[in-house]
**Student:** 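Here you go, one structure.
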Amino acid sequence: MTSAGNSKEVKKDEIAELARRRGFLWQAFEIYGGAAGFYDYGPLGARLKRRIEEEWRDFYTREGFYEIETTNIAPREIFESSGHLESFADQAVVCNHCKNFFRVAEGVKVSENCPECGGELEAAGEFNLMFQTRIGVPKGESDSGVKKSEGYLRPETAQGIFLNFQRLLRFNRDKLPFGIIQIGKAYRNEISPRKSLIRLREFTMAEAEVFVDPKEKNNHPRFEDVKDRMLRIVPGEDEGGEEEEESLEEAVRSGIIANEYLGYHIAKVDEFLERIGIPRAKVRFRQHLREEMAHYATDCWDAEFLSERYGWMEIVGVADRGDYDLSAHASFSNADMSVHTEPEKIIPHVIEPSYGIDRIIYALLESSFYEEQVGKEKRKVLRLKSEITPIKAAVFPLLNRDELKKKAREVFQKLRDASIFVEYDDSGSIGRRYRRQDEIGTPYCITIDYETLEDNTVTIRERDTMKQVRVPIAEVKDVLLKRE
RNA sequence: GCGGCAAUAGUCUAGUGGUAGGACACGGGCUUCCCAAGCCUGUAACCUGGGUUCGAGCCCCGGUUGCCGCACCA
């Protein structure tokens, strides 16, 4: 990737404006006034998202993990067991004076005064991040009927994997370790969603649940492969909290990262983010402080992206969930979640990398957006990796003349027939067409000129350098498909 | 959720009570042998619901959405 010394001054709304105008991202329900926290992906956004998901799927499939697909809606008792209902279905109070927010479950009542400043407290309503729904027709008022009919939209995809643990273990012929992945929607009724894709009420998560014998957590079979990877890490309170750069091996040996499995997956997250084009200089791993840890986690590291607009923000979480989930479901459902190992039966521990796909898309758009001066004109360009761009290449006739257009359409169709996603454009000047493709990140533009008619060669113009090479039509496909 | 500010073509914007204007983009045409050039031409907008007024894009109230701060983010 070249950056050619261009200014990286991003006016704050440029990315949102581009994303809207060019069909990446639209506010949902727009013609009815919209609703906060919901976005639709337009034609280019949907393609970009799909390609990132495909890279992710491919990445974890190479780890040997199978993908499953579980429901978005689950009956109430699932979340009673998982702890999600209890953890945030409380009444909340807010202080009139200092505006601090308290959960009733933490022992603060409306009748009391604010523990922070002594001000008056006011009921702030139900504090419930899960969307509630009904399953089927409620049967009368009986306890059991109401209970069965009450459902929730999942706040994470993970639970669907835990619920199928026995089946998955059997599928894996009763052996540990194994990993299962899932990509899907999750739902959280955020109090105030903001910052475009950063806090959504409906969003896409990509999660891997890795089940491991707790005794084996310091014995990852491929730790060697990643141990020398340098990581930028910010340890939690016990380790001092100073940002440092060290190898994965050092971090694990010194105890900053608790075990090899956790460390291995932190390194894998780092590798994936690099692979899809998040600049390494903008990524760090920060350990959660105890009070910010989710109820299920014993340890958690966030991969954070340094946004020019929002500062450091979480894009991936890597949690050690211990045996929390399997034990909880075992005790509430009476299912046996244990695994027979020699010499004893154990409840596996879970290491979980959890990716926020929408946030990653934001990070990619922001970090790949450049505005640069070319002659008298400004050029906007998305320097996305060619593996994830919505469009692989555009085909142009140099001039709007019939013989060139005919040949260009032939080349276009040939590439389409080879399942390469290309676009055709003959409107306006050639320069205008290059610019249109630049701002949606298309890595290559293929131009048909009079020389093409003589010797069947075309020019391929590269997005980042704007340089051209002339190649025979027969070789175009190979150039487009080569990995950088 | 609270407070402040805002909302006009696809985008950015002008318009302080009386005919909604521009730029860019987009479509059509001309031109053009490689980077948003030029010429002609066309499409296209006052977030929403009330109120005040002879008359509201403009003033008032509610809602929605966005931005900023606070809070929240299991």
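Each chain gets a letter, A, B and so on, in the order its sequence line appears, and its residues count up from 1.
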**Student:** What's the gap between B/G22 and B/A14 when it is taken at their P atoms, as a whole Å value?
**Tutor:**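 These two P atoms come out 15 Å apart once rounded.
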**Student:** Is the shortest side-chain N to carboxylate O distance from A/Glu202 to A/Lys185 below 4.0 Å?
**Tutor:**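 Yes, this pair counts.
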**Student:** Check step by step if side-chain hydrogen bond (donor to acceptor under 3.5 Å, both in side chains) holds for A/Thr457 and A/Arg470.
**Tutor:** CA-CA 6 Å; A/Thr457 61; A/Arg470 184 166 282 279; 2.8 Å; yes
**Student:** With P as the reference atom in both, quote the distance from B/G15 to B/A9 in angstrom, rounded to an integer.
**Tutor:**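 The answer is 15 Å between these two P atoms.
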**Student:** Check for me whether the distance between the ring centres of A/Phe396 and A/Tyr434 falls short of 6.0 Å.
**Tutor:**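 When the ring centroids of A/Phe396 and A/Tyr434 are compared, they turn out to be within the sub-6.0 Å range.
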**Student:** Have a look at A/Met293 and say if it touches a base, only the backbone sugar-phosphate, or nothing, with a 4.0 Å heavy-atom cut-off.
**Tutor:**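 Result for A/Met293 = sugar-phosphate.
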**Student:** Which residue lies toward the 5' end of RNA chain B, A/His288 or A/Arg194, if each is placed at its nearest nucleotide?
**Tutor:**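 The residue mapped nearer the 5' terminus is A/Arg194.
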**Student:** Excluding sequence neighbours, so at least two apart, what forms salt bridge (charged side-chain N to carboxylate O under 4.0 Å, His left out) with A/Glu423?
**Tutor:**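 Salt bridge (charged side-chain N to carboxylate O under 4.0 Å, His left out) check on A/Glu423 returns nothing, list empty.
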**Student:** More than 12 foreign heavy atoms under 6.0 Å from CG of A/Asp402: is that the case here?
**Tutor:**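 No, the 6.0 Å shell around CG holds no more than 12 heavy atoms from other groups.
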**Student:** Output a table of nitrogen or oxygen pairs between the protein and nucleotides 34-43 of chain B separated by less than 3.5 Å.
**Tutor:**
residue : atom : partner  : partner atom : Å
B/C34   : O2   : A/Tyr434 : OH           : 2.3
B/C34   : O2   : A/Gln468 : NE2          : 2.9
B/C34   : N3   : A/Tyr434 : OH           : 3.3
B/C34   : N3   : A/Gln468 : NE2          : 2.7
B/C34   : N4   : A/Asp449 : OD2          : 3.1
B/C34   : N4   : A/Thr459 : OG1          : 3.0
B/C35   : O2'  : A/Arg435 : NH2          : 2.7
B/C35   : O2   : A/Arg435 : NH1          : 2.6
B/C35   : O2   : A/Arg461 : NH2          : 3.0
B/C35   : N3   : A/Arg461 : NE           : 3.0
B/C35   : N3   : A/Arg461 : NH2          : 3.2
B/C35   : N4   : A/Arg461 : NE           : 3.4
B/C35   : N4   : A/Met466 : O            : 2.5
B/A36   : O2'  : A/Glu377 : OE1          : 3.3
B/A36   : N7   : A/Lys378 : O            : 3.1
B/A37   : OP1  : A/Arg432 : NH2          : 2.7
B/A37   : OP2  : A/Ser429 : OG           : 3.2

**Student:** Taking RNA chain B as the partner, which of residues 349-359 of chain A come within under 4.0 angstrom of it by heavy atom?
**Tutor:**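 Result for residues 349-359 of chain A: none.
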**Student:** What residues form a side chain to side chain contact (heavy atoms under 4.5 Å, CB included) with A/Ser327, not counting sequence neighbours?
**Tutor:**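 Only A/Asp323, A/Ile347 meet the side chain to side chain contact (heavy atoms under 4.5 Å, CB included) criterion with A/Ser327.
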**Student:** Defining pairs by Watson-Crick or G-U wobble geometry with both distances under 3.5 Å, how would you list the stems of RNA chain B with at least three pairs each?
**Tutor:**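 So far as stems of 3 or more pairs are concerned, RNA chain B shows B:1-7 with B:64-70, B:10-13 with B:21-24, B:26-30 with B:38-42, B:47-51 with B:59-63.
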**Student:** Holding to side chain to side chain contact (heavy atoms under 4.5 Å, CB included), I want the full list of residues that pass it with A/Arg290, two or more places apart in sequence or in another chain.
**Tutor:**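 For A/Arg290 the side chain to side chain contact (heavy atoms under 4.5 Å, CB included) partners, ignoring immediate neighbours, are A/Glu237, A/Asp238.
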**Student:** So what does A/Arg22 hit on the nucleic acid, given a heavy-atom distance under 4.0 Å: a base, only sugar-phosphate, or nothing?
**Tutor:**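 If one applies the 4.0 Å heavy-atom cut-off, A/Arg22 turns out to touch nothing in the nucleic acid.
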**Student:** How far, in whole Å, is B/C54 from B/U65 if one measures between their P atoms?
**Tutor:**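 Result for the P pair: 35 Å, nearest Å.
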